[in-house]
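Side chains included, hydrogens not; waters and symmetry mates left out as well; all remaining heavy atoms used.
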2 protein chains.
Amino acid sequence: MLYSKYCEYSIRALAYLGANSQKKDYLLVKEISDNTNIPCAYLHKIFQDIASNTNWIVSKKGRNGGVTMAIESKKIKMMDIINVCDGVQTIKRCIFGGEKECKQHPTCKMYDNCSYILNEITAFYEKMTLDVIAKMNPF
Amino acid sequence: MLYSKYCEYSIRALAYLGANSQKKDYLLVKEISDNTNIPCAYLHKIFQDIASNTNWIVSKKGRNGGVTMAIESKKIKMMDIINVCDGVQTIKRCIFGGEKECKQHPTCKMYDNCSYILNEITAFYEKMTLDVIAKMNPF
DNA sequence: TTTAAACATTATAAAAAGGTCTTTTTATCC
DNA sequence: GGATAAAAAGACCTTTTTATAATGTTTAAA
């Protein structure tokens, strides 16, 4: 698994939101839940977390409430979402278990050897913005 | 995270075993535990699982017992270990959450788009055999 | 027959995933 | 303007998975 389920849900939910919420119209969490196959209550929690940790979405309580994007889809990369949900160090760590700064074994060449593939993965996540995802019709 | 901690431990432990056990000499689980920073009791369980699911290692009870490699280090790839520990589908699934065969959304181009990077990752794990790892002096 | 080792089983802890119920906010209806 | 209903927010709880610890059992060499 490249990232947690929580993170996977966040990506799917934001992609749907970005693709379907035009400026100033709010989508129901229930609707997003139904269309992305994410448990509704869990999705509430996810949106809460995203709302409090980023400026990506705004939510409105009460009748005609819901959630909507606060910034353009093309400004949010998968990499950003992974960083917010799972932490910055999730991707960029040695596949052997250590950190880049791991000095336990000064002669170890593992990180150097896997940095290539880590960079490839990172580059991929950097170029995958929500609008790029939306164009692939995942819903 | 690219794979579970259980899997990471398995890779580290097998790499150590491959690097340090010559034919017919058994290493103590305790020694491997000490040198790889894996909890000793947990490592026992890992070796048990590996022993019963593969033909990679053999263990010997009693005095002068321990574990040793049953096949050559160069024949075991990281990919094999990931498949045994976390299951075959861990790596090769659409980063958007679905399987390759996911036909929920017939127009979705996500898997096609991420297959390139999935292949890169797979190729990397295929070429990383235990003897290649050992040459990097991770211990 | 003692002892050192893997093997086996059970229990515990922590984290991740998900559910339920109550509260608060807000628009709309009367 | 008050009542009502619809929505997110928030608090708390349950389940599942992952990780680890503890303890006893079996094996085999010295």
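- A:Tyr6 and A:Asp49 share a donor-acceptor pair across their side chains, judged by distance under 3.5 Å alone.
- If you measure from atom OH of B:Tyr42 to atom C1' of C:dA6, you get 19 Å, rounded to the nearest angstrom.
- Rounded to whole Å, atom C1' of D:dA9 lies 15 Å from atom CD1 of A:Ile50.
- When rounded to the nearest whole Å, the span between CD of B:Glu31 and P of C:dA6 equals 10 Å.
- Taking atom CZ on B:Arg12 and atom C1' on D:dA19, their separation rounds to 14 Å, with Å as the unit.
- The distance between atom NZ of A:Lys45 and atom P of C:dA15, rounded to the nearest whole Å, is 14 Å.
- Across all strands, B:Val67 comes closer than 4.0 Å to no nucleic acid atom at all (heavy-atom distances).
- When distances run from any side-chain atom of B:Lys5 to the nucleotides C:dA27, D:dA19, D:dA9, the shortest one goes to D:dA19.
- Minimum atom distance to the side chain of A:Ala41 is reached by C:dT20, of the listed D:dA8, C:dT20, D:dT27.
- Distance from the side chain of A:His44 is smallest for D:dA8 among the nucleotides C:dA6, C:dG19, D:dA8.
- To the nearest angstrom, C1' of D:dA7 lies 14 Å from CG of A:Leu43.
- Between B:Lys61 atom NZ and D:dA30 atom P there is a gap of 18 Å when expressed in whole angstrom units.
- No more than 12 heavy atoms of other residues, nucleotides or ligands lie within 6.0 Å of NZ in A:Lys45, so this atom counts as exposed by the packing criterion.
- One side chain, B:Tyr116 or A:Glu120, offers a donor N or O that lies under 3.5 Å from an acceptor on the other.
- Dashed line: the shortest gap from a side-chain N or O of A:Asn64 to OP1 or OP2 of D:dA6 is not under 4.0 Å.
- Under 4.0 angstrom from either OP1 or OP2 of C:dG18 there lies at least one side-chain N or O belonging to A:Tyr9.
- For the pair A:Cys7 and A:Lys60, both in contact range of DNA chain C, the more 5′-proximal nearest nucleotide belongs to A:Cys7.
- Here A:Lys30 lies out of heavy-atom contact (under 4.0 Å) with every strand.
- Of all non-hydrogen atoms in A:Phe124 and B:Asn113, the two that sit nearest each other are CE1-O, 3.7 Å.
- In this entry the distance linking CG of B:Asp86 with P of D:dT17 reads 14 Å, nearest Å.
- Under 4.0 angstrom from either OP1 or OP2 of C:dA16 there lies no side-chain N or O belonging to A:Tyr6.
- When every heavy atom of A:Val58 is checked against every heavy atom of A:Ala70, the shortest pair comes out as CG1-CB, 4.0 Å.
- Residue A:Ser59 places none of its side-chain N or O atoms closer than 4.0 Å to OP1 or OP2 of D:dA7.
- Look at B:Gln48 and you won't find any side-chain N or O under 4.0 angstrom from OP1 or OP2 of C:dA6.
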